[in-house]
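Worksheet: the structure to be examined is printed underneath.
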Amino acid sequence: MNWLYDVAYFFGGIFLANAIPHLVSGMMGRPFQSPFARPPGAGLSSSTVNVLWGFFNAAAGYALVCRVGDFGLKNTGDMLACGAGALLIALFSARHFGRFHGGNAPEHS
C-alpha cells in the first residue's frame with residue numbers, strides 16, 4: 001500500500017509546483033496561460049482566473065501530500081516522490097511556456 005502513497009505524493013508535488021506560477025502571476029495582476037484560456041494552455045487567462053486556479057492547485061497539492069498517508073519531510077522516499085512530481089511539472093512548464101515567453105531560445109547580448 002506504500003506505493004499508493006508515493007503516487008499521491010508525486011501528484012501532490014505536481015499540483016504544489018503548478019500553483020506557484022499561477023498564484024504569482026495572478027497576484028502581480030498579470031495574465032498567464034491556463035487550462036481555461038482560448039486555446040487551452042496557450043491563450044492568456046485573467047489574473048483573477050490564475051489566482052483561483054493557483055489556489056485550487058495548492059489545495060489539491062495539500063490534500064494529496066498532507067492528508068494521504070503519513071508524509072514525512074525526513075522520509076527520503078516521500079520527499080523523492082513529491083520532488084519528482086514537482087521537477088517533472090517544472091521542466092514541462094519551462095519547455096511549454098518557454099515557447100510563448102522566449103525562454104527556450106533566449107537572446108544573447
Side-chain angles (χ1 to χ4, degrees):
M1 180 90 129
N2 189 23
W3 69 272
L4 288 175
Y5 294 158
D6 290 336
V7 171
Y9 301 154
F10 176 82
F11 283 101
I14 288 175
F15 278 106
L16 289 172
N18 193 47
I20 295 168
H22 294 286
L23 284 172
V24 170
S25 294
M27 291 173 70
M28 292 177 65
R30 296 181 178 167
F32 189 68
Q33 287 84 3
S34 84
F36 308 106
R38 297 285 181 251
L44 297 175
S45 290
S46 71
S47 56
T48 303
V49 168
N50 276 287
V51 167
L52 293 171
W53 182 238
F55 189 83
F56 169 81
N57 277 269
Y62 164 80
L64 289 169
V65 172
C66 296
R67 305 299 292 172
V68 173
D70 188 24
F71 184 84
L73 288 174
K74 293 184 178 181
N75 184 318
T76 304
D78 293 352
M79 288 302 297
L80 284 175
C82 187
L87 177 62
L88 181 71
I89 196 68
L91 290 172
F92 170 79
S93 296
R95 297 298 301 166
H96 178 74
F97 297 120
R99 298 182 306 165
F100 305 109
H101 303 283
N104 291 343
E107 295 180 22
H108 297 288
S109 51

Output for pair (F92 CZ, F97 CZ), nearest 0.5 Å, gives 7.0 Å
Residues passing the side chain to side chain donor-acceptor pair (under 3.5 Å) test with S25, sequence neighbours excluded, are none
*asked:* With a 4.5 Å cut-off on side-chain heavy-atom distances among I, L, V, M, F, W and Y, is there a chain of contacts connecting Y5 to L16?
replied: yes
By side chain to side chain contact (heavy atoms under 4.5 Å, CB included), L44 pairs with (sequence neighbours left out) P31, Q33
Can you list, pair by pair, the side-chain donor-acceptor contacts under 3.5 Å of residues 35-42, counting residues two or more places apart and other chains?
none

Taken in chain and number order and not counting sequence neighbours, the residues that satisfy side chain to side chain contact (heavy atoms under 4.5 Å, CB included) with F71 are Y9, V65, L73, D78, M79, C82
By side chain to side chain contact (heavy atoms under 4.5 Å, CB included), A17 pairs with (sequence neighbours left out) A86, I89
Hits for side chain to side chain donor-acceptor pair (under 3.5 Å) against S47, two or more places apart or cross-chain, chain-then-number order -> none
Excluding L87, membership of its hydrophobic cluster (Ile, Leu, Val, Met, Phe, Trp, Tyr; side-chain heavy atoms within less than 4.5 Å) reads L91
Rounded to the nearest 0.5 angstrom, the CG-CZ distance for L64 and F11 is 9.0 Å
Across all chains, not counting sequence neighbours, the side chain to side chain contact (heavy atoms under 4.5 Å, CB included) partners of R95 are N104
List, one per line, each side-chain donor-acceptor pair under 3.5 Å for residues 51-62, sequence neighbours excluded.
residue, atom, partner, partner atom, Å
N57, OD1, N18, ND2, 3.1
N57, ND2, W53, O, 2.7

Item to complete: Using the rule that two of Ile, Leu, Val, Met, Phe, Trp, Tyr join whenever any of their side-chain heavy atoms come within less than 4.5 Å, decide whether L80 and L4 are in one cluster.
Response: no
Residues 68-77 vs side-chain hydrogen bond (donor to acceptor under 3.5 Å, both in side chains), sequence neighbours excluded, gives none
Apart from V24 itself, members of its ILVMFWY cluster (side-chain separation under 4.5 Å) are I20, M28
Sorted by chain and number, sequence neighbours left out, side chain to side chain donor-acceptor pair (under 3.5 Å) with R30 holds for none
